[in-house]
Structure formats: structure tokens, C-alpha cells
Amino acid sequence: MTAQQETRPHAAAKPVRWAADAVATMREGARVRLDYSAQSLWRVDRIIEEIRREGPPQAAVEGALRGFGAYAGEVIVRQTGAEWWATGGDHWIRTPDGRLWDPLDEARRCYAGHGSLRLLCRDATAAH
């Protein structure tokens with residue numbers, strides 16, 4: 001068994017928790033309901049844009065971005081049957097067609113003004 005195969009069963013533990021934390025934080029703090037639907041990613045993209053406009057340094061919002069990225073990853077997992085993979089502290093998802101996606105990095109790209117979790121989900125689920 002390779003090191004990658006050994007980490008695979010546990011690869012989802014952290015992202016699933018980060019996603020659930022993001023859902024709870026948005027529900028309790030902002031009164032926003034996230035339901036793991038592809039449509040909910042429109043709302044997440046808008047929330048990231050609002051945070052970006054407020055101007056905090058990325059380091060200050062890294063935890064929230066990680067949660068939003070994990071949430072988007074969970075949306076893709078639930079829509080396609082994809083699996084979380086982890087190596088060296090990085091987490092990404094692999095869709096059943098073998099493509100790899102990095103929703104956590106896409107959330108950071110959203111914050112930088114040139115990414116979209118909604119579009120990432122659309123692309124990842126297109127072949128499904």
C-alpha cells in the first residue's frame with residue numbers, strides 16, 4: 001500500500017469538518033443557510049466578494065476561505081460521488097472521471113478576485 005493510499009480513507013475528515021464549520025458559522029453568524037447545493041455556491045461567491053471588498057488581509061480570513069473551499073468540495077463530492085484526497089497537508093477532490101480539483105485554492109482565488117466556487121462546481125460536475 002502506498003502512502004497516498006494510506007491517507008485516502010482519512011482524507012475527508014478535515015475538509016468535511018471545515019465545511020460543516022463554515023455552514024454552522026454562516027447559519028449562526030450571518031443567518032445564511034448553506035444546503036450543500038450547487039446553487040448555494042452563488043451565495044458563497046458573493047460572501048467571499050463582500051469580505052474582499054471590506055479589505056482584510058488574506059491571512060485574517062484564511063480559515064473562512066478554507067471552510068468555503070471545503071464546502072464547495074463537499075458540494076462536488078455529493079453531486080458526483082467524488083472523493084477527498086490528501087497528501088502533504090494539501091486536500092483536493094478527485095471526481096469519478098479521474099480529474100483533480102482544488103476547491104480550497106479556488107476559494108483563495110475568489111478572494112483574490114479571479115476565481116469562482118460556483119464555476120468550479122459547474123466544471124467539475126459537467127461530465128457527471
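Residues take their numbers from the sequence shown, with the count starting at 1.
Between Arg78 and Glu74, at least one side-chain nitrogen of the basic residue sits less than 4.0 Å from a carboxylate oxygen of the acidic one, meeting the salt-bridge criterion.
Gln58 has its side chain within reach of Arg108: a pair of non-hydrogen atoms, C-beta onward, lies under 4.5 Å apart. With a 4.5 Å cut-off on side-chain heavy atoms, Glu54 and Pro56 count as touching.
Atoms CZ and CG, from Arg118 and Leu120 in turn, are 11.0 Å apart once rounded to the nearest 0.5 Å. Rounded to the nearest 0.5 angstrom, Arg52 CZ and Ile47 CD1 are separated by 15.0 Å. In this structure, Arg94 CZ and Trp101 CH2 are separated by 13.0 Å, a value rounded to the nearest 0.5 Å. Rounding to the nearest 0.5 angstrom, the gap separating the CD1 atom in Ile76 from the CG atom in Leu41 is 7.5 Å. For the atom pair Gln79 CD and Ser37 OG, the distance stands at 7.5 Å (nearest 0.5 Å). Atom-to-atom distance recorded for Trp92:CH2 and Leu104:CG is 11.5 Å, nearest 0.5 angstrom.
The two residues Ile93 and Pro103 make their nearest non-hydrogen contact at CG1-CD, 4.3 Å. Minimum interatomic distance between Ser40 and Asp35 (heavy atoms only, all atoms of both residues): CB-OD1, 3.5 Å. Thr95 and Asp97 get closest at one heavy-atom pair: OG1-OD1, 2.6 Å.
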Worked verdict on Arg53 versus Glu49 for salt bridge (charged side-chain N to carboxylate O under 4.0 Å, His left out): CA-CA 6 Å; Arg53 275 193 238 124; Glu49 175 61 24; 3.2 Å; yes
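Using cut-offs of 30° and 60° for the angle between ring planes, the Trp18 and His91 rings count as perpendicular.
For Tyr111 and Phe68, the ring centers are positioned 6.0 Å apart or more.
Judged by distance alone, the side chain of Asp45 and the main-chain N or O of Leu117 form a donor-acceptor pair under 3.5 Å. The backbone N or O of Ala124 lies less than 3.5 Å from a partner atom in the side chain of Arg99, making a donor-acceptor pair. Between the Arg33 side chain and the Val23 main chain, no donor and acceptor come within less than 3.5 Å of each other.
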